[in-house]
Amino acid sequence: KENFDSIPDLEFNPIRGKIVHAFFDKRNLRQESDGLVDEINFEDFLTIMSYFRPIEMNMDEEQLDRFRKEKLKFLFHMYDSDHDGKITLQEYRNVVEELLSGNPHLEKESARSIADGAMLEAASICVGQMGPDQVYEGITFDDFLKMWQGIDIETKMHVRFLNMETIAHCY
């Protein structure tokens with residue numbers, strides 16, 4: 001994990017810790033088990049980077065759906081820090097506070113209010129009208145899929161790699 005400290009583009013990212021944590025999360029390494037690994041090898045690194053590959057033009061609807069769900073599962077795991085299969089209000093508050101931590105004009109209480117409002121919105125999307133004694137316990141992965149419906153995650157969550165053929169022509 002300490003090797004990630006030398007990546008300049010991560011240095012000022014407010015959710016840097018969550019990003020690094022995601023590289024060592026067994027769920028993202030497709031090991032189907034819970035917990036973290038202490039280190040990753042090159043193959044593990046490529047497995048994580050595969051979540052950021054761009055869509056391929058020849059993908060059919062089923063492949064696109066599977067591709068989308070893989071990306072969203074990766075994001076879900078970043079938010080679900082206690083690995084219980086739900087993003088609780090406190091977990092969401094932590095993420096929002098981290099994301100907004102670089103803004104000196106925004107107090108912690110304001111970040112908390114933003115997270116609370118977003119969680120209420122999630123509850124209304126996923127559960128509908130709730131009774132006064134009903135408690136929304138957290139966002140499940142199915143809820144997460146509903147919330148991201150219509151948002152183009154396929155093209156937003158990708159890393160563009162250089163085409164090696166182009167590089168070869170530069171010499």
Side-chain angles (χ1 to χ4, degrees), residues 1-31 33-56 67-122 125 138-141 143-164 166-167:
K1 290 179 186 177
E2 56 276 357
N3 296 118
F4 282 84
D5 291 334
S6 62
I7 300 173
D9 289 343
L10 276 179
E11 185 177 353
F12 299 108
N13 190 313
I15 60 168
R16 178 186 170 283
K18 291 208 174 299
I19 293 169
V20 172
H21 184 84
F23 273 81
F24 297 88
D25 187 329
K26 288 182 180 180
R27 298 172 298 175
N28 293 336
L29 293 169
R30 299 183 178 124
Q31 295 180 359
S33 59
D34 192 21
L36 300 172
V37 295
D38 293 326
E39 60 184 33
I40 59 173
N41 60 29
F42 185 65
E43 185 177 328
D44 295 334
F45 180 80
L46 292 178
T47 297
I48 298 299
M49 292 306 294
S50 73
Y51 292 104
F52 298 95
R53 71 187 187 277
I55 61 172
E56 297 170 22
F67 185 73
R68 176 180 175 75
K69 283 181 181 173
E70 284 178 5
K71 285 180 179 276
L72 289 172
K73 191 69 127 170
F74 181 87
L75 285 177
F76 183 82
H77 291 157
M78 284 182 60
Y79 290 105
D80 179 25
S81 57
D82 66 1
H83 304 228
D84 70 348
K86 281 187 268 183
I87 301 168
T88 63
L89 176 57
Q90 189 56 52
E91 287 171 322
Y92 194 69
R93 280 178 177 166
N94 292 342
V95 171
V96 171
E97 287 173 8
E98 286 176 25
L99 282 170
L100 300 175
S101 65
N103 186 337
H105 305 292
L106 195 64
E107 296 178 12
K108 192 172 187 175
E109 194 57 43
S110 296
R112 182 167 290 178
S113 294
I114 291 169
D116 292 355
M119 190 59 85
L120 282 172
E121 180 71 19
I125 290 170
I139 301 168
T140 64
F141 183 65
D143 292 346
F144 199 70
L145 289 175
K146 286 179 195 173
M147 293 168 52
W148 282 86
Q149 198 169 24
I151 298 173
D152 186 20
I153 191 67
E154 296 86 352
T155 58
K156 293 183 186 312
M157 186 179 153
H158 76 273
V159 174
R160 185 181 315 257
F161 294 96
L162 294 175
N163 182 336
M164 294 308 287
T166 306
I167 293 173

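Worth saying up front: this structure is predicted, and the values here are computed from it rather than measured. Because only heavy atoms are used, hydrogens play no part in the values below, and waters and symmetry mates are left out as well, while side chains stay in.
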Separation of [Y] [atom2] from [X] [atom1] (nearest 0.5 Å):
X: Asp84; Y: Thr140; atom1: CG; atom2: OG1; answer: 11.0 Å
X: Asn13; Y: Ile7; atom1: CG; atom2: CD1; answer: 11.0 Å
X: Leu75; Y: Ile87; atom1: CG; atom2: CD1; answer: 9.0 Å
X: Ile40; Y: Asn28; atom1: CD1; atom2: CG; answer: 10.5 Å
X: Ile125; Y: Met147; atom1: CD1; atom2: CE; answer: 6.0 Å

Note to self: side-chain contact (heavy atoms from CB on, under 4.5 Å), that's the test. Do Lys1 and Leu36 meet it? Break it down for me.
What the structure shows: CA-CA 11 Å; Lys1 290 179 186 177; Leu36 300 172; 4.1 Å; yes

Just by distance, do the side chain of [X] and the backbone of [Y] share a donor-acceptor pair under 3.5 Å?
X: Arg53; Y: Ser50; result: yes
X: Thr47; Y: Glu43; result: yes
X: Glu91; Y: Asp82; result: yes

* Asked: What orientation do Phe42 and Phe45 show, parallel under 30°, tilted 30 to 60°, or perpendicular over 60°?
  -> parallel

task: For the residue pair Tyr92 and Tyr79, categorise the inter-ring angle as parallel (less than 30°), tilted (30 to 60°) or perpendicular (more than 60°).
output: tilted

Contacts of Asp34 meeting side-chain hydrogen bond (donor to acceptor under 3.5 Å, both in side chains) (sequence neighbours excluded), chain-then-number -> His83

What I want to find out is whether Asp80 reaches Arg27 closely enough, with some N-O distance under 4.0 Å, to be called a salt bridge.
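Judged by the 4.0 Å cut-off on N to carboxylate O distance, Asp80 and Arg27 do form a salt bridge.
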
* Asked: In terms of side-chain geometry, is the basic nitrogen of Asp116 or Arg93 positioned less than 4.0 Å from the acidic oxygen of its partner?
  ->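 The answer is yes: the pair qualifies as a salt bridge.
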
Just so I know, are the side chains of [X] and [Y] near enough to count as touching, which here means a heavy-atom distance under 4.5 Å?
X: Ser81; Y: Lys18; answer: yes
X: Phe23; Y: Leu29; answer: no
X: Val37; Y: Asp44; answer: no
X: His21; Y: His77; answer: no
X: Ile139; Y: Lys86; answer: no
X: Met78; Y: Val95; answer: no
X: Arg68; Y: Leu145; answer: no
X: Lys69; Y: Leu72; answer: no

Does Glu107 have more than 12 heavy atoms from other residues, nucleotides or ligands lying within 6.0 Å of its CD? no

(message) Counting neighbours of NZ on Lys108 that are heavy atoms of other residues, nucleotides or ligands and sit closer than 6.0 Å, is the number greater than 12?
(response) no

side-chain contact (heavy atoms from CB on, under 4.5 Å) partners of Ala111, counting only residues at least two apart
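Partners of Ala111 under the side-chain contact (heavy atoms from CB on, under 4.5 Å) test: Val96, Glu97, Leu100.
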
>> Under a 3.5 Å cutoff, is there a donor and acceptor pairing between the side chains of Glu98 and Asn94?
In response: no

Do Lys73 and Phe141 meet the cation-pi criteria used here (NZ or CZ under 6.0 Å from the six-membered ring centre, within 45° of the axis)?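 The answer is yes; both the distance and angle limits are met.
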
Shortest non-hydrogen contact between Phe74 and Ala22, atoms and distance:
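Phe74 and Ala22 have their closest heavy atoms at CZ-CB, 3.6 Å.
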
Correct closest heavy-atom pair for Pro8 and Ser6 would be CD-O, 3.1 Å

**Request:** Start with the C-alpha gap between Phe24 and Phe4, add the side-chain angles, then the distance that decides, and say whether ring pair (Phe, Tyr, Trp, His ring centres under 6.0 Å) holds.
**Result:** CA-CA 11 Å; Phe24 297 88; Phe4 282 84; 5.7 Å; yes

